[in-house]
There are 2 protein chains.
Amino acid sequence: MVIYIGVIRLKSDYENNAKIIKALADPSRLKIIDILSCGERCACEILKHFDFTQPTLSHHMKVLADCGLVESRKEGVWNYYNLNTTNCNKLILFLMNLITDTEDCICKDKPKSTCE
Amino acid sequence: MVIYIGVIRLKSDYENNAKIIKALADPSRLKIIDILSCGERCACEILKHFDFTQPTLSHHMKVLADCGLVESRKEGVWNYYNLNTTNCNKLILFLMNLITDTEDCICKDKPKSTCE
DNA sequence: ACTCTATATAGATGGTCATCTATATAGGGG
DNA sequence: CCCCTATATAGATGACCATCTATATAGAGT
């Protein structure tokens, strides 16, 4: 017997994922993700790809790390960064579920409205 | 003979996609996408799912329509909205490419750096 | 023509954000 | 112990954004 347990998307699902998406909603941070997709990089190496200053990169890396898309590792003075691919995949999965007409949609308890 | 033509990601790719992602970086707009994933809805029906005012919804729908994630259709006084699934899929594909270590990465012209 | 409803526009407000400069911290090498 | 380099923090600034109220537009029914 298979019991299908529908996943109800909560307010917090939208909020938490919006936070992560907000972290991605910046051209520089998209480029950083692109760079890290090739493997681990240290901060000073990443910085070479950009025109902005070091404190600005520090800010961007903090944003990406805080939302879990990126992980960091300290080695002496150097900070190495890695993609957290699990969390990246989770975000993409969330988006794919969002745009797909699934059983767990917010609308399933209502008839198709045409504003009668 | 197969000639592989690498796709170089341009500054404008990051910028354009960041704009679309920015449109998604809001809990209310994620919820709107979720609602529209079940099919066409009119503005007044979407509004019922939220606590904010009608002008605020009008603003959100404009943001989603301007970036191409949503399409609208006028019928008398009513505005009907639909997901533009092609563009939604394009965005997700962009993200999947971004986090994948592909040949067309920004880093491929440089050796793996360890900041020597 | 009048009124009701659906939607858009204008302008204001309080909050957040990317970026900067200046400065602090902290590890490594001579 | 001092200096150089890597990184973080603080504080400021200008831009943008979500939301509101007030008002305009515009279609539909009586």
Side-chain angles (χ1 to χ4, degrees), chain A residues 11 14-36 40-67 69-82 113-116, chain B residues 11-12 14-33 35-36 40-67 69-82 113-116:
Chain A
K11 194 160 175 278
Y14 299 117
E15 286 170 356
N16 294 337
N17 282 288
K19 267 179 209 162
I20 302 173
I21 295 170
K22 193 168 290 178
L24 276 181
D26 180 276
S28 302
R29 291 200 287 265
L30 285 181
K31 193 168 163 182
I32 291 168
I33 298 286
D34 202 6
I35 293 168
L36 292 180
E40 191 172 67
R41 291 286 184 282
C42 87
C44 57
E45 173 65 20
I46 298 170
L47 187 57
K48 289 176 194 163
H49 291 278
F50 295 97
D51 290 329
F52 51 59
T53 62
Q54 173 270 320
T56 299
L57 178 68
S58 185
H59 161 71
H60 284 312
M61 298 317 295
K62 190 163 162 33
V63 171
L64 289 171
D66 283 352
C67 75
L69 292 175
V70 157
E71 277 167 349
S72 69
R73 178 175 72 80
K74 200 143 195 163
E75 201 178 305
V77 262
W78 290 282
N79 264 17
Y80 291 94
Y81 292 96
N82 258 299
S113 166
T114 52
C115 285
E116 61 268 6
Chain B
K11 194 160 175 279
S12 57
Y14 299 117
E15 287 169 356
N16 294 337
N17 281 289
K19 268 179 208 162
I20 301 173
I21 295 169
K22 192 167 290 177
L24 276 181
D26 180 277
S28 302
R29 290 199 288 263
L30 285 181
K31 192 169 164 183
I32 291 169
I33 297 286
I35 293 168
L36 293 182
E40 190 172 68
R41 289 289 184 280
C42 86
C44 56
E45 172 65 21
I46 299 172
L47 186 58
K48 288 176 192 163
H49 291 276
F50 295 97
D51 291 328
F52 51 60
T53 61
Q54 173 269 320
T56 299
L57 178 67
S58 185
H59 161 71
H60 284 311
M61 298 318 295
K62 191 163 161 32
V63 171
L64 289 171
D66 283 352
C67 77
L69 291 174
V70 156
E71 278 167 349
S72 69
R73 178 174 73 80
K74 200 143 197 163
E75 201 177 304
V77 262
W78 289 282
N79 264 15
Y80 289 96
Y81 292 96
N82 258 299
S113 167
T114 52
C115 285
E116 60 267 10

Exercise for the section: List the steps, then state whether side chain to side chain contact (heavy atoms under 4.5 Å, CB included) holds for A:N17 with B:L24. Expected result: CA-CA 10 Å; A:N17 282 288; B:L24 276 181; over 6 Å; no

Practice task
Round to the nearest Å and state the distance from A:I46 atom CD1 to D:dA6 atom P.
Solution key: 14 Å

Exercise for the section: Would you mind reading off the distance between B:L47 atom CG and C:dT5 atom C1', rounded to a whole angstrom? Expected result: 13 Å

Problem - Pair A:H60 and A:F50, ring centroids less than 6.0 Å apart - result: no

Problem - Presence of salt bridge, B:E75 and B:R73, under 4.0 angstrom - result: yes

Fill in the blank from the handout: Walking DNA chain C from its 5' end, the first of A:V63 and A:E75 to be reached, judged by nearest nucleotide, is A:V63

Fill in the blank from the handout: When every non-hydrogen atom of A:K22 is compared with those of B:A25, the smallest separation belongs to CE-O, 3.4 Å

Fill in the blank from the handout: From CG of A:D26 across to C1' of C:dT19 the rounded distance in Å is 11 Å

Exercise for the section: Measure from the side chain of A:T56, starting at C-beta and using heavy atoms only, and say which of C:dT19, D:dT21, C:dA18 lies closest. Expected result: C:dT19

Practice task
Indicate the atoms forming the closest heavy-atom contact of A:C67 with A:A23, along with that distance.
Solution key: SG-CB, 3.6 Å

Handout entry: Atom pair distance, as rounded to whole Å: CD1 in A:I21 and P in D:dA18
Key = 13 Å

Exercise for the section: Please report, rounded to the nearest Å, how far the P atom of D:dC17 is from the NZ atom of B:K19. Expected result: 11 Å

Exercise for the section: Could you check how far NE2 of B:H60 sits from P of C:dT7, rounded to whole Å? Expected result: 16 Å

Exercise for the section: Figure out the CZ/P separation between A:R73 and D:dT7, and round it to whole Å. Expected result: 12 Å

Exercise for the section: Specify the closest pair of heavy atoms between A:I46 and A:Y81, including all atoms of both residues, with the distance to one decimal. Expected result: CD1-CD1, 4.2 Å

With 3.5 Å as the limit, what N/O pairs link the protein to nucleotides 8-12 of chain D?
residue : atom : partner : partner atom : Å
D:dA8   : OP1  : A:N79   : ND2          : 3.0
D:dA8   : OP2  : A:S58   : OG           : 2.9
D:dA8   : N7   : A:Q54   : NE2          : 2.8
D:dA8   : N6   : A:Q54   : OE1          : 3.1

Exercise for the section: Grab the CZ-P distance between B:R41 and C:dA6 for me, whole Å please. Expected result: 17 Å

Handout entry: Full working for side chain to side chain contact (heavy atoms under 4.5 Å, CB included) between A:F52 and A:L47
Key = CA-CA 8 Å; A:F52 51 59; A:L47 187 57; 4.1 Å; yes

Fill in the blank from the handout: Residue pair B:V77/A:K22 against DNA chain C: nearer the 5' end by closest nucleotide is B:V77

Exercise for the section: Give a yes/no on whether any side-chain N or O of B:T53 is located under 4.0 angstrom from OP1 or OP2 of D:dT19. Expected result: no

